[in-house]
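Down below is the structure, laid out as C-alpha cells.
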Amino acid sequence: QKEVEQNSGPLSVPEGAIASLNCTYSDRGSQSFFWYRQYSGKSPELIMSIYSNGDKEDGRFTAQLNKASQYVSLLIRDSQPSDSATYLCAQGANSKLTFGKGITLSVRP
Amino acid sequence: DTAVSQTPKYLVTQMGNDKSIKCEQNLGHDTMYWYKQDSKKFLKIMFSYNNKELIINETVPNRFSPKSPDKAHLNLHINSLELGDSAVYFCASSQAGRIKETQYFGPGTRLLVL
C-alpha cells in the first residue's frame with residue numbers, strides 16, 4: 001500500500017518567515033513528487049514538481065527530495081498571508097498520484 | 001480559457017437518486033481522472049482513463065460508473081446515492097509520458113446527499 005505522510009499541522013508562521021512543510025512516502029519506485037496548494041473551496045493547484053535528488057527552486061519556493069530517506073519537503077521563503085492554504089504532497093507512479101492528507105499553513109500578518 | 005471544466009459545480013440531491021457529473025479538458029491530454037475529496041480534505045483517486053480506456057479503478061462501490069466518450073471527456077454516473085457520497089469530486093487530466101504525470105485539476109463538483 002503506497003502511503004504519503006504529512007505532519008498533521010496546522011502550521012502557523014509570521015509574515016516574512018520561512019515555512020517548512022515535510023512529507024514522507026513509502027513507495028521507493030516513485031519517480032515523481034509534487035506539491036499542490038489548495039485554497040479553501042478551490043481545486044488543487046500545482047506549485048512544484050521534483051524528480052531527482054536535491055533542491056529545486058522556483059521563486060520563493062524550494063522543493064527538496066531525498067530518495068534514500070524517502071522524504072520530500074517544501075520551503076516557502078518570505079511567507080505572505082496569501083500563502084495561507086492547505087498544501088498537499090503527492091507521489092506519482094504509472095499515471096497515479098497518491099496524496100498525503102495535507103497540512104494547513106497560516107501566515108500571520 | 002478553462003483548461004479542465006466540470007458541471008455542475010454544486011449538486012444537492014436526495015438519498016437513492018441517480019446523478020451524473022461531467023468533465024471536459026481542452027489541454028489535449030490523453031489521460032483523465034476522478035478524485036474524491038472528503039470532509040477531512042483527503043484527496044483520493046477513484047478512476048483513471050487513458051485514451052478512453054480504463055486504467056485505474058480503485059476500490060470504489062460499483063454504484064459509481066465512469067464513462068469516457070472521447071479522450072477530452074470523462075463523466076461519472078452515481079446510482080442510488082448514499083449520505084457517505086457527499087464530498088467534492090475533482091476531475092483532472094494529464095499527458096502520459098510528458099512532464100512525468102503532472103495533473104491539472106478542474107474546479108470540483110460539490111455533492112451533498114440529503
Side-chain angles (χ1 to χ4, degrees), chain A residues 1-11 21 23 25 27 29-53 56 58 61 63 65 67 72 84-106, chain B residues 2-6 9-10 21 23 25 27 29-51 53-60 68 71 74 87-110 112:
Chain A
Q1 180 80 7
K2 298 172 189 170
E3 288 185 355
V4 176
E5 299 284 342
Q6 292 184 249
N7 292 346
S8 56
L11 176 66
L21 312 176
C23 177
Y25 61 92
D27 181 15
S30 283
Q31 297 295 316
S32 49
F33 303 87
F34 306 89
W35 283 98
Y36 282 81
R37 177 178 61 200
Q38 187 174 23
Y39 292 114
S40 182
K42 300 293 185 184
S43 59
E45 171 195 8
L46 180 70
I47 52 171
M48 288 290 281
S49 57
I50 187 166
Y51 312 114
S52 51
N53 277 330
K56 179 182 176 184
D58 183 1
F61 299 98
L65 176 60
K67 289 187 178 180
V72 59
S84 298
T86 297
Y87 290 80
L88 303 167
C89 172
Q91 66 177 34
N94 301 319
S95 297
K96 178 179 169 182
L97 287 184
T98 301
F99 283 88
K101 294 191 175 179
I103 182 168
T104 299
L105 171 67
S106 175
Chain B
T2 304
V4 183
S5 59
Q6 294 178 231
K9 226 175 164 182
Y10 299 96
I21 308 171
C23 178
Q25 55 94 6
L27 296 168
H29 290 165
D30 61 2
T31 306
M32 296 184 73
Y33 310 80
W34 279 114
Y35 286 86
K36 179 180 179 181
Q37 189 169 46
D38 60 24
S39 56
K40 294 185 178 170
K41 308 297 183 191
F42 187 37
L43 192 60
K44 196 164 188 307
I45 191 164
M46 300 172 70
F47 302 103
S48 174
Y49 272 75
N50 175 262
N51 278 321
E53 183 183 341
L54 182 67
I55 57 171
I56 295 173
N57 184 351
E58 292 295 286
T59 308
V60 177
S68 181
K71 68 177 188 177
L74 179 62
V88 182
Y89 292 84
F90 287 103
C91 176
S93 73
S94 70
Q95 179 62 31
R98 193 209 301 170
I99 320 179
K100 297 192 179 179
E101 302 145 2
T102 301
Q103 295 184 18
Y104 298 89
F105 284 78
T109 295
R110 283 144 187 84
L112 177 60

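Every chain is numbered from 1 and lettered A, B, ... according to where its sequence line falls, protein lines coming before strand lines.
- Heavy-atom distances place the side chain of Gln38(A), and not its backbone, under 4.5 Å from chain B.
- Relative orientation of the Phe99(A) and Tyr35(B) rings is perpendicular, given thresholds of 30° and 60° on the angle between their planes.
- Both the backbone and the side chain of Leu43(B) come within less than 4.5 Å of a heavy atom of chain A.
- Using a 3.5 Å distance cut-off with no hydrogens or angles, the side chains of Thr104(A) and Thr86(A) do pair a donor with an acceptor.
- Of all heavy-atom pairs between Arg37(A) and Ala85(A), the closest is CG-CB, 3.6 Å.
- Checked by atom type, the side-chain pair Tyr33(B)/Ser94(B) shows a donor-acceptor distance below 3.5 Å.
- Both the backbone and the side chain of Lys101(A) come within contact range of chain B, with heavy atoms under 4.5 Å apart.
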